[in-house]
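The next block holds one structure in the form of structure tokens; read it before the comments.
Remember, it's 1-based here, ligands and their atoms both numbered in the order they're listed. Sequence positions, counted from 1, serve as the residue numbers for this chain.
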Amino acid sequence: MVTIKLGKKKIKVFNLLVLIIISFGIIYALASLIFMIFSSKLSYKYNVNYDNYKVSTLVTFKNKWSSCYVTEKIKETSDYNIISKSYANDLLNDGYKINGKNTYKRVFKIKGSCKQVMNYYKDVHDPKYSLFTLNGSNNEVIEYGNNYVDPYVKGKINGKDSKDVEIRSNYNGNKIGSYVISYSLKIDKYYTKRLYRLINVVDTVKPELVLSGKSTITLDYGQKYSEPGFSATDNYDGEITNNVKVNNKVNETKPGVYKITYSVSDLSKNKVSAHRTVIINKKNSAVSKIRPDIIQKDGITYVNGIIIVNKEYSLPKDYDPKISKKAYKALKKMQNDALALGLDLSLVSGYRSYQTQKELFEKYVEKDGEELANTYSARPGQSEHQTGLAFDIGRVDKSFYDTPEAKWIDQNAHLYGFIVRYPKDKQDVTGYVYEPWHVRYLGTLIATKVWESKLTLEEYLGLK
Ligand SMILES: [Zn+2]
């Protein structure tokens with residue numbers, strides 16, 4: 001064992017070392033205790049106002065043994081909830097804890113006296129020590145569908161440019177909404193500056209509304225309006241035809257000019273509207289009718305090439321065409337086809353000359369008087385039978401009205417080129433009561449057109 005001679009006593013070197021270590025320990029502990037007693041709790045408060053948020057921080061420094069415990073309490077305020085949320089996320093990521101509403105807390109220790117730590121802290125937090133600003137606007141508005149190029153930030157620490165910026169973002173240019181880009185610049189191990197840029201993706205483009213059909217529609221009195229259709233699409237919402245609101249006050253039985261309004265809005269409330277004009281003509285207006293082409297030749301009236309005989313247009317005395325071979329042939333065919341179905345369409349009366357009609361009418365006048373006779377028989381010159389194109393078939397009597405024969409004629413005569421010349425409820429137009437037995441030959445094309453139109457020959461030709 002190694003020993004040192006100290007006078008008479010011999011002290012072992014090991015024991016001496018232990019003694020020295022213990023002494024130093026006691027001195028250090030005492031010094032720390034004295035230091036703690038003489039250095040009271042320090043605090044430092046600072047506020048920073050950024051463009052779209054504010055931060056106020058209270059920092060306290062407290063010595064414990066040879067270290068300084070730093071407690072930061074941060075209170076954040078912003079008019080934008082979305083920024084407060086981003087700020088919270090950033091602080092939680094950096095090890096802060098929530099300490100109340102929009103308030104955060106963090107404790108860390110730095111070796112050394114709190115006085116030194118605080119002075120260092122103040123130096124680093126001095127606004128002149130670092131610079132951190134957004135390029136461009138802090139509140140951007142981007143039209144949906146356009147690209148956004150981040151203009152980034154400027155950062156300087158202790159006079160030197162720093163590119164060491166961390167970026168966090170939830171930006172989605174394909175969706176309308178508000179987004180935040182957060183930029184963090186680490187000034188030192190314990191201090192990070194943060195900036196936030198608000199980005200609003202908006203849709204200010206109006207939908208497209210297209211009307212099908214004409215922009216002005218003219219209708220006859222009572223003619224039903226039928227919507228020609230429309231379609232709507234939006235750059236953001238897509239197909240929105242179902243959202244189109246139609247304001248239609250058209251009254252088909254009230255003549256006038258109407259405006260139908262179509263309008264549609266997209267999700268961003270961009271509204272667009274379109275109009276259609278509807279004109280309802282006056283009652284009995286002939287606007288839509290074609291002016292009939294009336295030709296008179298040798299006292300015979302032709303309308304659009306069709307010979308017409310009625311109480312208004314009569315035939316001359318000397319007109320004597322005899323029976324039309326074409327009409328008679330068609331009649332035979334019709335009679336035969338009807339007969340095959342058990343229907344008797346025997347000819348009662350065919351061609352009459354002027355003289356025959358004169359005698360017939362005089363006979364009726366003698367029997368019923370002129371006024372009544374005129375409703376079922378024609379004055380000479382005014383009978384269609386004089387054209388050779390008209391026939392009375394079946395039975396010339398009101399008892400023929402609802403017979404299967406009368407119904408078959410009504411449904412099929414046009415197929416053979418005939419029309420029922422004096423239809424039901426048209427006495428005000430034709431001047432004659434319903435005569436289901438009286439057929440007039442026009443050829444199948446015209447007869448079918450007249451039959452389909454449900455009009456009298458006079459109406460079909462535009463005479464009434
Ligand atoms: Zn007749």
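- Between Lys105 and Glu72 there is no salt bridge, since no side-chain N of the basic residue sits under 4.0 Å from a carboxylate O of the acidic one.
- The name of the N, O or S atom in Asp392 nearest to the Zn ion (ligand 1) is OD1.
- Of all N/O/S atoms in His438, ND1 sits nearest the Zn ion (ligand 1).
- Looking at Glu405 and Lys407, no side-chain N of the basic residue comes within less than 4.0 Å of a carboxylate O on the acidic one, giving no salt bridge.
- The shortest side-chain heavy-atom distance between Glu452 and Tyr460 does not fall under the 4.5 Å cut-off.
- Looking only at atom types and distance, the side chain of Tyr313 has no donor-acceptor partner in the side chain of Glu458 under 3.5 Å away.
- The closest approach of His385 to the Zn ion (ligand 1), by N/O/S atoms, is made by NE2.
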